[in-house]
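Since the structure comes first, as structure tokens, the remarks are kept for the end.
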Amino acid sequence: MTKEVLPLYREPVQLNAQLHRHKKLKPYDNVGALVHTHAVFVNAIEFSQAALAFPIIFVQPTPSNPQISPVALLGLVPNDNLFVDEGRWDAAYLPAYFRRMPYFTSPLPGSDQIGVYIDAQWPGLNDAEGEALFTADGEQAPALLQAIEFLKAFDDEAKRTAQFCDQLQSLRLFTDMKADVTLPNGENLTVDGFMTVDEGKLGKLSDASVLALHRSGALGLVHAHLLSLNHMAGLIERHARRQVG
């Protein structure tokens, strides 16, 4: 896994009982590291909470991620997270992608096995304070076991989220979107390169398709996504305040 794919991780290394046997992890609020993240992946299971705070949009596949993916939009321009304010998180919900830090999972090189990685430059990682990653016998300590369970749940939900996106794509519900924004100071911004569910196409689905969406739980997720788009106005207000400040 490269730093380009995981920009929040400065030195990702595979977790190793021998290499990290004496390492400990102390609580550390690393919100400042998120300041340049203007969009973050969210799993479908997060929609009900994320939709109360951020616009949820969908992004096209990229070479590093060949899958349509939902993201929470955190800023109107690249490298500007409007929900980091003077080193604190200014929203009622913190996406799971951030909460799993400093850990993440990735396929092991030349294998279909999944490895657990850690950011070796995480400020809370040290040799003296905090919860141990491994026991004296080199076994995974309770804190690490709990983190790995969180990672497994995150990955399982990511697979279900991919299935959800595939379901919407198969029904041709996505539409490309572009938002032209005029700020109070007259500045014009264009936010593009994303997709939303087309309400017109949704309304023209057959009864059978709507029933299938409902029974799979996808219809509720679609409504959460559409409602979340009302937060675009709030993003514009946040951006305008920051420009004035």
**Message:** Could you check whether Arg21 makes a cation-pi contact with Phe134, meaning its NZ or CZ is under 6.0 Å from the centre of the six-membered ring and within 45° of the ring axis?
**Reply:** no
**Request:** Could you check if a side-chain atom of Gln113 sits within less than 4.5 angstrom of a side-chain atom of Pro107, using non-hydrogen atoms only?
**Result:** no
**Prompt:** Is there a donor-acceptor pair under 3.5 Å between the side chain of His20 and the backbone N or O of Asn16?
**Reply:** yes
**Message:** Can you confirm whether Gln67 is buried at CD, in the sense that more than 12 heavy atoms of other residues, nucleotides or ligands lie under 6.0 Å from that atom?
**Reply:** yes
**Greater than 12 external heavy atoms within 6.0 Å of Asp207's CG** = no
**Item:** Short side-chain to backbone donor-acceptor contact, Thr135 and Asp137, under 3.5 Å
**Value:** yes
**Message:** If I compare all heavy atoms of Arg99 with all of Leu94, which pair ends up nearest, and what's the gap?
**Reply:** NE-O, 2.7 Å
**Residue Glu199 excluded, over 12 heavy atoms near CD under 6.0 Å** = no
**Prompt:** Would the number of heavy atoms belonging to other residues, nucleotides or ligands and lying under 6.0 Å from NZ of Lys152 be above 12?
**Reply:** no
**Request:** State plainly whether the residues Arg172 and Asp198 are in salt-bridge range, i.e. N to O under 4.0 Å.
**Result:** no
**Side chain proximity check, Val84 to Thr37, heavy atoms < 4.5 angstrom** = no
**Prompt:** Backbone N or O of Ala96 within a donor-acceptor pair of the Glu46 side chain at under 3.5 Å?
**Reply:** yes
**Request:** Test side chain to side chain donor-acceptor pair (under 3.5 Å) on Tyr9 and Gln121 and set out the steps.
**Result:** CA-CA 8 Å; Tyr9 297 82; Gln121 290 192 38; over 6 Å; no
**Message:** Can you confirm whether more than 12 heavy atoms, excluding those of Glu131, are under 6.0 Å from its CD atom?
**Reply:** no
**Request:** Give a yes or no on whether Ile45 atom CD1 has more than 12 heavy-atom contacts from other residues, nucleotides or ligands under 6.0 Å away.
**Result:** no
**Asked** Do Val77 and Phe83 belong to the same hydrophobic cluster, where Ile, Leu, Val, Met, Phe, Trp and Tyr are linked whenever their side-chain heavy atoms lie under 4.5 Å apart, directly or via other members?
**Response** yes
Would you be so kind as to tabulate the donor-acceptor pairs closer than 3.5 Å made by side chains of residues 232-240, with sequence neighbours excluded?
residue	atom	partner	partner atom	Å
Arg238	NH1	Leu82	O	3.2
Arg238	NH1	Asp90	OD2	3.1
Arg238	NH2	Asp90	O	3.2

**Message:** Looking at Glu11, is its backbone amide N or carbonyl O close enough to the side chain of Asp119 to form a donor-acceptor pair, meaning the two atoms are under 3.5 Å apart?
**Reply:** yes
**Item:** Any donor-acceptor N/O pair, Asn43 side chain to Phe154 backbone, under 3.5 Å
**Value:** yes
**Validation row: Val40, Phe98 side chains within 4.5 angstrom (heavy atoms)** = yes
**Prompt:** Does Ser209 reach the main-chain N or O of Leu205 with its side chain, forming a donor-acceptor pair under 3.5 Å?
**Reply:** no
**Complete:** Residues Val116 and Leu151: closest non-hydrogen pair is CG1-CD1, 3.9 Å
**Residue pair Tyr117, Phe104: steps toward the ring-ring contact (aromatic ring centres under 6.0 Å, His included) verdict** = CA-CA 5 Å; Tyr117 290 74; Phe104 68 95; 5.3 Å; yes
**Asked** Is the backbone of Pro78 close enough, under 3.5 Å, to the side chain of Asp80 for a donor and an acceptor to pair up by distance?
**Response** no
**Request:** Run the salt-bridge test on Lys24 and Asp127 with the 4.0 Å N-O cut-off and return the result as yes or no.
**Result:** no
**Request:** Provide the closest heavy-atom pair for Asn81 versus Leu34 in the form atom of the first, atom of the second, distance.
**Result:** ND2-O, 3.1 Å
**Request:** Take Phe194 and Phe58 through the ring-ring contact (aromatic ring centres under 6.0 Å, His included) test and state the conclusion after the steps.
**Result:** CA-CA 6 Å; Phe194 67 95; Phe58 295 85; over 10 Å; no
**Asked** Should Pro95 and Phe54 count as side-chain neighbours, where that means a heavy-atom distance under 4.5 Å?
**Response** yes
**Asked** Is it true that the NZ or CZ of Arg100 lies under 6.0 Å from the centre of Tyr97's six-membered ring and within 45 degrees of the ring axis?
**Response** yes
**Item:** pair Pro70-Ile57: side-chain heavy atoms closer than 4.5 Å
**Value:** no
**Complete:** Residues Ala44 and Leu221: closest non-hydrogen pair is O-CD2, 3.3 Å
**Message:** Quick check on the hydrophobic clustering: are Val210 and Leu226 connected, directly or via other members, by side-chain heavy-atom contacts under 4.5 Å?
**Reply:** yes
**Sequence-distant partners of Arg88, side-chain hydrogen bond (donor to acceptor under 3.5 Å, both in side chains), two or more places apart** = Asp85
**Request:** Could you pull out the closest heavy-atom pair between Ala53 and His231, with the gap in Å?
**Result:** N-NE2, 3.6 Å
**Message:** Hydrophobic clustering (ILVMFWY, side-chain heavy atoms < 4.5 Å, transitive) - are Leu108 and Leu15 grouped together?
**Reply:** yes
**Item:** Trp89 (side chain) donor-acceptor with Tyr93 (main chain) under 3.5 angstrom
**Value:** yes
**Prompt:** Is there side-chain contact between Tyr103 and Leu133, with heavy atoms separated by less than 4.5 Å?
**Reply:** yes
**Request:** List the atom of Val13, the atom of Ala120, and the distance in Å for their closest heavy-atom pair.
**Result:** CG2-CB, 4.0 Å
